[in-house]
Amino acid sequence: MYLEHFGLNDAPFRLTPNLAYLYEDSSQAAASTMVKTALDQGAGFIKVTGEVGLGKTLLCRRLLADLTTPYLTAWLPDPHVSPGTLRAALARDLGVALPSRPSQQEVHHRLHHHLTALVAAGRKPVLLIDEAQALSDSALETVRLLTNLETERSKLLQVILLGQPELDQRLASPRFRQLRQRIVYSCQLEPLDRPAVGLYLAHRLAEAGCDRPLFSAAAIAAIAKASAGTPRLVNVLADKSLLAAYGCGKDRVCRAEVRRAIADTEATRDTLGGPWWQPTARMAGFGLVAFGVFLALETWLGGGG
Ligand SMILES: Nc1ncnc2c1ncn2[C@@H]1O[C@H](COP(=O)(O)OP(=O)(O)O)[C@@H](O)[C@H]1O
Ligand SMILES: [Mg+2]
């Protein structure tokens, strides 16, 4: 691998959301602050939307780490669950003791009882749901009913929904009118801008043990453009560019390596509308064909004359 070659002690651009590599860009910071303020205000529902790869799962992990006592968190990473499984998962995360085959009513009753006791003891139970756009209608309705539980003074459960923009389309449906009305706090994760991409790359490299600038300014500009500032794509392109530079025995990444990474990355077709080299390659290909035809014609005419 290229780690030793570049003096790195860890792979800097892995795709798993790892808090050790968190770069505090303005959008992440704003979202984290908004969520904490909203929780503090006692909001029942809080919503964070963002396109794929912008850092929703990372934000989730960060909140799980940051929300210490009095908060008590439960996390639903996979929303493809029935209402029953959702309730059971929440109960398990919050430490509710359940009999072996509880009825739905039983789970709901015990959950209510446990949440009441927690809140009475000064705790603040919070449920985080990642990929919330994929919740079924019935699961979403179950979540709404759970946040209906309250004492005279506060909610028994606060819910943070994190999801792709499709979540807004789901909530726009008339059947979620009530739920929509209760989402007072929401925000949207934004892509990194061009300077932030440079800082993001440098931050991850430094975390992995390399303080030397491994990417030229032109390389950073090319990554920023091809990724449209989406951190996951930045990671993919940075990793492939480092590999390309390593393959050529170079000690840093220049635009040429990024071009190779882009050509090798399907997802940049969405951001660039096709790999950057496609028009160039097409023109070069056309030029070659034209030249070949010209040579063939000349040989033929020459031979004939
Ligand atoms: N602010 C950030 N700092 C560091 N890494 C980030 C940041 N935002 C996103 N990433 C990285 O980008 C990748 C995609 O993030 P992820 O949370 O999985 O996105 P999403 O859940 O929105 O699809 C992960 O590798 C994650 O670590
Ligand atoms: Mg995610």
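One-based numbering, in listed order, for ligands and for the atoms of each. Counting begins at 1 with the first residue of the sequence. These values consider heavy atoms only, across backbone and side chains, with no hydrogens, waters or symmetry-generated copies.
- Taking only nitrogen or oxygen atoms, main chain and side chain alike, Q28 does not reach within less than 3.5 Å of ligand 1.
- With 3.5 Å as the limit, one finds a donor-acceptor pair spanning the side chains of N148 and R182.
- Polar contact check, V52 against ligand 1: no nitrogen or oxygen pair lies under 3.5 Å apart.
- Here L15 has backbone heavy atoms under 4.0 Å from ligand 1, and that is the only part of it that gets that close.
- Remark: distances from the non-hydrogen atoms of G53 to ligand 1 include one below 4.0 Å.
- Counting only protein N, O or S atoms, 1 lie closer than 2.8 Å to the Mg ion (ligand 2).
- The protein heavy atom nearest to atom 9 (C) of ligand 1 is P231 CB, 3.3 Å.
- Residue G55 has at least one nitrogen or oxygen atom sitting less than 3.5 Å from a nitrogen or oxygen atom of ligand 1, judged on distance alone.
- For atom 18 (O) of ligand 1, the closest non-hydrogen atom of the protein is R232 NH2, 3.0 Å.
- Checked by atom type and distance alone, the side chain of R123 never pairs as donor or acceptor with a backbone atom of A117 at under 3.5 Å.
- How far CD of E257 is from CD1 of I223: 10.5 Å, rounded to the nearest 0.5 Å.
- The part of L54 lying near ligand 1 is the backbone, judged by heavy-atom distances below 4.0 Å.
- By the 4.0 Å N-to-carboxylate-O rule, E24 lies close enough to R62 to be salt-bridged with it.
- Among protein heavy atoms, atom 11 (C) of ligand 1 sits closest to Y200 OH, 3.5 Å.
- When atom types are taken as modelled, the side chain of K240 and the backbone of D264 share a donor-acceptor pair closer than 3.5 angstrom.
- Listed by chain and number, the residues in a salt bridge (Lys or Arg N to Asp or Glu O under 4.0 Å) with D78 amount to none (sequence neighbours excluded).
- Shortest contact from atom 4 (C) of ligand 1 to any protein heavy atom: Y21 O, 3.2 Å.
- Judged purely by atom type and a 3.5 angstrom limit, S32 has no side-chain atom pairing as donor or acceptor with the backbone of Q28.
- At least one side-chain heavy atom of I183 sits less than 4.5 Å from a side-chain heavy atom of L179.
- Heavy-atom proximity to atom 5 (N) of ligand 1, evaluated over R14, R204, E207, is greatest for R204.
- The shell of residues lying under 4.0 angstrom from ligand 1, judged by heavy atoms, excludes F13.
- For the atom pair CG of L157 and CG of L115, the computed distance is 6.0 Å after rounding to the nearest 0.5 Å.
- Between I160 atom CD1 and M34 atom CE the span is 8.5 Å, to the nearest 0.5 Å.
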Kindly indicate, with the supporting measurements, whether the criterion side chain to side chain donor-acceptor pair (under 3.5 Å) is fulfilled by D10 and Y21. CA-CA 11 Å; D10 186 29; Y21 284 95; 2.5 Å; yes
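- Of all the heavy atoms of E24, none lies under 4.0 Å from any atom of ligand 1, so neither backbone nor side chain is involved.
- The distance from ligand 1 to the heavy atoms of L58 drops below 4.0 Å at these ligand atoms: 2 (C), 3 (N), 4 (C), 5 (N), 6 (C), 7 (C), 8 (N), 10 (N), 17 (O).
- Taking 4.0 Å as the cut-off, R61 does not count as a neighbour of ligand 1 on heavy-atom distance.
- Using a 4.0 Å cut-off to heavy atoms of D25, the atoms of ligand 1 that qualify are 1 (N).
- Shortest contact from atom 27 (O) of ligand 1 to any protein heavy atom: P17 CA, 3.3 Å.
- Short contacts between ligand 1 and N235, defined as distances under 4.0 Å to a heavy atom of the residue, involve ligand atoms 25 (O).
- When only modelled atom types and interatomic distance are considered, E106 and Q104 share no side-chain donor-acceptor pair under 3.5 Å.
- Using a 4.5 Å heavy-atom threshold, the side chains of R61 and L22 count as separate.
- Contacts with ligand 1 closer than 4.0 Å are made by no heavy atom of V234, backbone or side chain.
- Counting only distance, with no hydrogens or angles, the side chain of Q164 and the backbone of V52 share no donor-acceptor pair below 3.5 Å.
- D66 places none of its side-chain heavy atoms less than 4.5 Å from the side chain of Y71.
- P99 has its side chain within reach of R110: a pair of non-hydrogen atoms, C-beta onward, lies under 4.5 Å apart.
- Considering only non-hydrogen protein atoms, atom 1 (N) of ligand 1 sits nearest to Y23 O, 2.8 Å.
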